[in-house]
Amino acid sequence: MTMIVALAIAGAASARVLFGANGASPAHASEVCIASQYGVGDGYHGRRTASGRIFDTYASDPYTIARPSRNDLGRRFRITNLKTGASIEAVSTDLGPFIAGRCVDLGRAGADALGIGGLGFVRVERLD
């Protein structure tokens, strides 16, 4: 809880906390940041993603997310809502978010499963 308060006070631009050896992002490394939801009312639903797949914001098998690095495309992640403890496993199919302090954009189905209406504090763990 203290970390969430500290992140909120620090502001969105510096709200990314990386956990891993030497700043690398090996499997099972995690970060805490702000997540956002996309794909409803913003024109992305039904468009081709950076991975070449058509984005379905309502997909839940698997849930889909966007991550800032091309190296993450096709990788699996566990996203955990720090407020509720709810978590999902998702595949990165797109690039984003493009706003400082955010490390993951969730499709609508994933955001709903986590109980995140617009923005939320999450832990993002790479699974592979």
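Numbers for residues simply follow the sequence, beginning at 1. A quick note: this is a predicted structure, and the numbers were derived from the prediction, not measured.
In this structure, CZ in R53 is found 11.5 Å from CZ in R48, a value given to the nearest 0.5 Å. The CZ atom of R70 sits 9.5 Å away from atom OG of S51, with the distance rounded to the nearest 0.5 Å. Of the inter-residue distances, the one linking I116 atom CD1 with F121 atom CZ reads 10.5 Å to the nearest 0.5 angstrom. Taking CD from Q37 and CG from D112, the interatomic distance works out to 7.0 Å, rounded to the nearest 0.5 Å. Atoms CD1 and CD1, from I65 and I88 in turn, are 7.5 Å apart once rounded to the nearest 0.5 Å. Here the CG-CG distance, from D72 to D128, works out to 9.5 Å after rounding to the nearest 0.5 Å.
Y38 places a side-chain heavy atom less than 4.5 Å from the side chain of D94. Looking at V104 and R67, their side chains come closer than 4.5 Å, going by heavy atoms from C-beta outward.
For the residue pair C103 and P97, the shortest heavy atom distance occurs at C-CD, 3.6 Å. The two residues A86 and A113 come nearest to each other via the heavy atoms CB-O, 4.1 Å. Residue F55 comes nearest to G107 through the heavy atom pair CZ-CA, 4.0 Å, listed as atom of the first residue, atom of the second, then distance. Taking each heavy atom of S92 and F77 in turn, the nearest pair found is CB-CE1, 4.0 Å. Closest heavy-atom contact between G101 and C33: O-CB, 3.8 Å. Pairing each heavy atom of Y58 with each of R108, the nearest pair is CE2-CG, 3.9 Å.
No donor-acceptor distance shorter than 3.5 angstrom exists from the side chain of S87 to the backbone of T80, with no hydrogens or angles considered. Formation of a donor-acceptor pair under 3.5 Å by the R75 side chain with backbone atoms of L127 is not found in this model. Looking only at distances, a side-chain donor or acceptor of N81 sits under 3.5 Å from a matching main-chain atom of L114. Judged purely by atom type and a 3.5 angstrom limit, T64 has no side-chain atom pairing as donor or acceptor with the backbone of T93. With hydrogens and angles ignored, the 3.5 Å screen pairs no side-chain donor or acceptor of T57 with any backbone N or O of H45.
By the criterion of side-chain heavy atoms lying less than 4.5 angstrom apart, applied directly or through intervening Ile, Leu, Val, Met, Phe, Trp or Tyr residues, L106 is not grouped with V91; the two fall into different hydrophobic clusters.
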